[in-house]
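Keep in mind that this is a model prediction, so the values were computed, not measured.
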Amino acid sequence: MAYSELLADRVRRSLTQRNVFFAEKKMMGGLTFMVDDKMCIGILQETLMARIDPDHYDTALTRPGCREMDFTGRPMKGFLFIDAEGTDHDEDMEFWVQECLDFNPRAKSSKKK
């Protein structure tokens, strides 16, 4: 299993309830949710991957279950891993989804033009 279907369903439900148009794309060994053709939020195994405002990064790291995303061996500023401790409660999950959506309009797209 590359990613948790339960976690994916929770993200889908949250985005749908907010009337956000999104696409799903399998990448980085997991599943990402693309909003406006940009990676917004993702899932790798049982872990949520959040792309947030780099200005909120240090504060976000103090939240339960949150850690640096060190996919390449180096922390990626603005990208976080959130373990089950930080997503088990609906309020926590909604916090992370909203953080990702708030940053998405300012996030750079990696799409080649």
Nearest atoms (heavy-atom pairs only) where R51 meets K108: NH2-O, 2.9 Å
Show the nearest heavy-atom pair for residues E94 and S14, with the distance to one decimal. OE1-OG, 2.8 Å
What's the separation between atom CG in D37 and atom CG in N104, rounded to the nearest 0.5 Å? 10.0 Å
Calculate, to the nearest 0.5 Å, the distance between atoms OG1 and CE belonging to T47 and M69 respectively. 10.5 Å
Within this structure, what is the CZ-CG distance for the pair R67 and L80, rounded to the nearest 0.5 Å? 10.0 Å
CZ of F103 to NZ of K38: how many Å apart, nearest 0.5 Å? 8.5 Å
N/O donor to acceptor pairs below 3.5 angstrom from side-chain atoms of residues 57-64, sequence neighbours left out:
| unit_1 | atom_1 | unit_2 | atom_2 | d |
| --- | --- | --- | --- | --- |
| T62 | OG1 | T59 | O | 2.6 |
| R63 | NH2 | D92 | OD1 | 3.4 |

Assess whether side-chain contact (heavy atoms from CB on, under 4.5 Å) is satisfied between D102 and D53, documenting all intermediate values. CA-CA 8 Å; D102 287 348; D53 187 332; over 6 Å; no
Could you report the tightest heavy-atom contact between I43 and L7, atom names first, then the distance? CD1-C, 3.6 Å
Less than 3.5 Å apart, which donor and acceptor atoms pair up between the side chains of residues 21-31 and the rest of the protein, not counting sequence neighbours?
| unit_1 | atom_1 | unit_2 | atom_2 | d |
| --- | --- | --- | --- | --- |
| E24 | OE1 | R12 | NE | 3.4 |
| E24 | OE1 | R12 | NH2 | 3.0 |
| E24 | OE2 | R12 | NE | 2.6 |

State which residues pass side chain to side chain donor-acceptor pair (under 3.5 Å) with E85; sequence neighbours excluded, sorted by chain then number. none
Of all heavy-atom pairs linking F33 and A8, the shortest is CZ-O, 3.8 Å
Taking the side chain as every heavy atom from C-beta outward, state whether D36 and P105 have any pair of such atoms under 4.5 Å apart. no
Which value, rounded to the nearest 0.5 Å, describes the distance between M49 atom CE and C40 atom SG? 11.5 Å
Is L15 close to L101 at the side-chain level, that is, under 4.5 Å between some pair of heavy atoms? yes
R10 side-chain N/O to T87 backbone N/O, donor-acceptor pair under 3.5 Å: yes
